[in-house]
Amino acid sequence: MAIKSIVCCCGMGMGTSLLAKMNIEKALGNIGAKGIEVEHSTLTEAKGSHFDLFIVSKDLADAAKTLPNVLILNNIMDIKEAETKLKAALGM
């Protein structure tokens, strides 16, 4: 499945997910991935949406178990971790 849309999720949908969104956009640029839309949201709102990839921090891993394609970040500020896990998720 080609990933064309990503949502970064947090509990409140404001601070943490926005920081994750900015870091994911940077990581995507660093690895040369183009044409992927990145949004941010609460985990609750994201569960009702149709994104190709859901990104959550490790503290929300259990709550995200029902989502179809989840990437769990141990540290949302770690660009290298995001790059490595995005490469794997995108098949690069």
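Bear in mind that the values here come from a model prediction, so they are computed numbers and not experimental data. The figures that follow rest on heavy atoms only: side chains count, while hydrogens, waters and symmetry mates do not.
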Going by heavy atoms in the side chains, are [X] and [Y] under 4.5 Å from each other?
| X | Y | result |
| --- | --- | --- |
| P68 | F54 | yes |
| V7 | H40 | no |
| S57 | L73 | no |
| I55 | I72 | no |
| F51 | S41 | no |

>> Would you say NZ of K87 has more than 12 non-hydrogen atoms from neighbouring residues, nucleotides or ligands within 6.0 angstrom?
In response: no

Give me the atom names and distance for the closest heavy-atom approach of [X] to [Y].
| X | Y | answer |
| --- | --- | --- |
| K26 | I79 | CD-CD1, 4.2 Å |
| C9 | V56 | CB-CG1, 3.9 Å |
| L53 | A89 | CD2-CB, 4.3 Å |
| A82 | I24 | CB-CD1, 3.9 Å |
| L86 | L28 | CD1-CD2, 3.9 Å |
| A64 | V70 | O-CG2, 3.6 Å |

Has the side chain of [X] got a donor or acceptor atom that lies under 3.5 Å from a matching backbone atom of [Y]?
| X | Y | value |
| --- | --- | --- |
| S5 | D52 | yes |
| E37 | K4 | no |
| N23 | I76 | yes |
| E81 | N75 | yes |

Rounding to 0.5 Å, atoms CG (L60) and OG (S17) come to a distance of 10.0 Å

To the nearest 0.5 Å, atom CG of N30 lies from atom CD of E83 at 4.5 Å

Those residues at least two apart in sequence (or on a different chain) that pass side chain to side chain donor-acceptor pair (under 3.5 Å) with D78 are none

Intermediate values then yes/no, side chain to side chain contact (heavy atoms under 4.5 Å, CB included), I6 and E39 = CA-CA 6 Å; I6 295 173; E39 299 291 333; over 6 Å; no

Next on the checklist: Tell me whether K21 is salt-bridged to E25, with the criterion being a basic N under 4.0 Å from an acidic carboxylate O.
Outcome noted: yes

